[in-house]
Amino acid sequence: MTQTEVNPTAHDSGNRATDKFKNESVKSDTSKERANAIYKDLLAAIAEVAQKHEVTYDEYRVLKNWMIQIGEYGEWPLWLDVFVEHEIEKINYNRKGYTGTKGSIEGPYYLENAPELPAECEMPMREQDKAAQPLFFKGQVTDVDGNGLGGATVELWHADEDGYYSQFAPGIPEWNLRGTIVTDEEGRYNIKTLQPAPYQIPADGPTGWFIESYGGHPWRPAHMHLKVKSPGYREITTQLYFQGGDWTDNDVATAVKPELILDPQTDGEGNNIVNYSFALDKED
Ligand code: DHB
Ligand code: FE
């Protein structure tokens with residue numbers, strides 16, 4: 001573990017994730033009929049679970065209290081992206097006929113407009129990050145027929161060795177381990193970064209109490225987040241994981257897919273090297 005100046009808390013990252021999300025413009029053109037159908041089914045599902053388990057008044061009050069607290073701690077983005085987002089992602093991005101690279105959840109820590117970097121680059125990192133094992137990540141952005149897409153962008157963001165994301169924990173430079181890589185004419189990239197570590201979702205607030213209450217664990221496997229874009233093609237939001245890593249087969253966020261697991265090889269100098277390419281479907 002490297003030394004961080006301050007110990008971030010669930011309160012910090014929760015509130016920052018909430019502030020970020022609150023400032024995004026969110027809207028949906030859901031009709032009244034559809035809203036009515038969804039809300040009726042949702043209440044029916046809640047009723048069914050309550051009946052099945054004969055939920056007590058104490059349990060109901062604990063739930064009410066927990067929901068108030070999760071709001072006050074700003075942890076709704078954390079809790080929802082861990083426990084719900086994977087299902088929404090599965091419904092919306094695995095449509096019939098798509099043959100490109102698989103998506104995965106975005107999670108709460110994406111930021112737009114990370115600084116642009118050339119196709120061959122090193123991710124912005126501090127001296128202390130350089131103590132981690134270097135990871136060379138190279139590949140190509142193509143269409144589904146394998147034609148390179150020059151000028152495509154690969155937005156990459158991931159946690160440092162201690163599991164913290166820049167701008168969501170104190171004391172980390174603004175764009176640390178975040179970048180928008182622009183591919184060369186053939187769609188290729190070659191990025192030097194560091195080997196991410198398994199990530200513990202903030203466990204000292206209501207999301208942590210929730211996990212404790214059912215005897216679960218708060219861990220996600222080591223991962224890198226990516227958004228890959230090229231005009232005329234369907235944007236991919238995904239994550240990449242590491243073969244054999246802790247929690248790769250037991251992710252609290254249920255967001256691992258076999259196609260997204262990397263198997264880097266270590267060279268003579270202790271660098272991890274991996275090739276992974278992205279295939280983009282045409283826009284609908
Ligand atoms: C959370 C954090 C992540 O890094 C991620 O990829 C998904 C969820 C979270 O803390 O909620
Ligand atoms: Fe993450």
Side-chain angles (χ1 to χ4, degrees), residues 4 7-22 24 66-67 69-71 73-90 93 102-112 114 123 125 129 132 135 137 154-170 172 175-179 193-212 214 216-228 236-242 245-257 260-262:
T4 35
N7 268 338
T9 62
H11 216 62
D12 281 325
S13 45
N15 280 328
R16 289 178 196 214
T18 293
D19 283 345
K20 184 201 87 146
F21 192 77
K22 264 201 311 213
E24 286 172 12
W66 176 81
M67 289 180 103
Q69 305 249 29
I70 208 159
Y73 273 71
E75 285 193 32
W76 278 120
L78 272 52
W79 190 87
L80 284 167
D81 291 353
V82 166
F83 293 103
V84 180
E85 187 184 357
H86 63 97
E87 209 56 52
I88 308 296
E89 193 279 329
K90 213 159 51 186
Y93 296 98
K102 296 270 188 238
S104 185
I105 63 171
E106 178 176 300
Y109 302 139
Y110 170 66
L111 293 170
E112 284 181 343
M123 292 292 279
M125 61 175 86
D129 297 314
L135 174 69
F137 167 49
V154 177
E155 290 173 81
L156 172 63
W157 72 103
H158 64 84
D160 65 17
E161 232 202 340
D162 295 332
Y164 299 125
Y165 286 84
S166 55
Q167 300 190 42
F168 292 91
I172 305 175
W175 296 105
N176 206 55
L177 300 173
R178 295 179 183 273
T193 188
L194 59 88
Q195 178 68 39
Y199 171 84
Q200 188 181 23
I201 63 168
D204 58 328
T207 301
W209 311 336
F210 171 80
I211 292 169
E212 251 177 64
Y214 67 79
H217 72 75
W219 288 93
R220 299 213 60 221
H223 60 278
M224 298 191 287
H225 291 269
L226 301 120
K227 268 186 199 283
V228 185
I236 297 176
T237 299
T238 195
Q239 299 188 25
L240 293 171
Y241 304 94
F242 298 90
D246 288 344
W247 316 107
T248 297
D249 57 2
N250 187 12
D251 174 12
V252 64
T254 333
V256 179
K257 298 179 186 178
L260 301 175
I261 300 175
L262 303 174

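What you see is a predicted model, and the numbers here were worked out from it, not measured in a lab. Start at 1 and go down the list; that is how both ligands and their atoms are numbered.
Atom CG of Leu194 sits about 5.0 Å away from atom CG of Leu177, to the nearest 0.5 Å. Atom CD of Glu112 is separated from atom NZ of Lys20 by 8.0 Å, given to the nearest 0.5 angstrom. Taken to the nearest 0.5 Å, the CE atom of Met67 stands 8.5 Å off from the CD1 atom of Ile70.
Remark: distances from the non-hydrogen atoms of Pro108 to ligand 1 include one below 4.0 Å. Residue Ala255 places every heavy atom at 4.0 Å or more from ligand 1. Ligand 1 lies out of reach of Glu85, whose nearest heavy atom is not under 4.0 Å from it. Contact annotation: Glu106 has no heavy atom less than 4.0 Å from any atom of ligand 1.
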Could you go through Arg220 and Gln239, starting from their C-alpha distance and side-chain angles, then the distance that decides it, and tell me whether this counts as side-chain contact (heavy atoms from CB on, under 4.5 Å)? CA-CA 12 Å; Arg220 299 213 60 221; Gln239 299 188 25; 2.9 Å; yes

Evaluate salt bridge (charged side-chain N to carboxylate O under 4.0 Å, His left out) for Glu155 paired with Arg178, printing each intermediate quantity in order. CA-CA 8 Å; Glu155 290 173 81; Arg178 295 179 183 273; over 6 Å; no

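Between Trp157 and His225, the ring planes lie parallel to each other; the angle is under 30°, not in the 30° to 60° tilted range. Between Tyr109 and Tyr165, the ring planes lie tilted relative to each other; the angle falls in the 30° to 60° range.
Of the N or O atoms in Asp81, none lie within a sub-3.5 Å distance of an N or O in ligand 1. Residue His223 places at least one N or O, backbone or side chain, under 3.5 Å from an N or O of ligand 1.
Shown in contact with Ile201 at under 4.0 Å from a heavy atom are these atoms of ligand 1, numbered in order with element: 9 (C), 10 (O). Proximity to Gln239 (heavy-atom distance under 4.0 Å) selects the following atoms of ligand 1: 6 (O). For ligand 1, the atoms sitting less than 4.0 Å from at least one non-hydrogen atom of Tyr109 are 2 (C), 4 (O), 10 (O), numbered in the order shown with element in parentheses. Close approach of ligand 1 to Arg220 (heavy-atom distance below 4.0 Å) involves ligand atoms 5 (C), 6 (O), 7 (C). Every atom of ligand 1 is numbered from 1 in the order shown, and the set under 4.0 Å from a heavy atom of Pro202 is 10 (O). Close approach of ligand 1 to Leu78 (heavy-atom distance below 4.0 Å) involves ligand atoms 10 (O), 11 (O).
Of the protein's non-hydrogen atoms, the one nearest atom 4 (O) of ligand 1 is Tyr165 OH, 2.9 Å.
With a cut-off of 2.8 Å, the Fe ion (ligand 2) has an N, O or S atom of His223 in range. For residue Gln239, no N/O/S atom approaches the Fe ion (ligand 2) to within less than 2.8 Å.
A centroid separation of less than 6.0 Å is found between the aromatic rings of Tyr73 and Trp209.
Compare Trp157, Tyr199, Tyr164 by their heavy atoms: the one nearest to atom 2 (C) of ligand 1 is in Tyr199.
For Tyr199, the OH atom counts as densely surrounded, since its 6.0 Å shell holds more than 12 non-hydrogen atoms of other residues, nucleotides or ligands. In Tyr110, the OH atom is crowded: over 12 heavy atoms of neighbouring residues, nucleotides or ligands sit closer than 6.0 Å.
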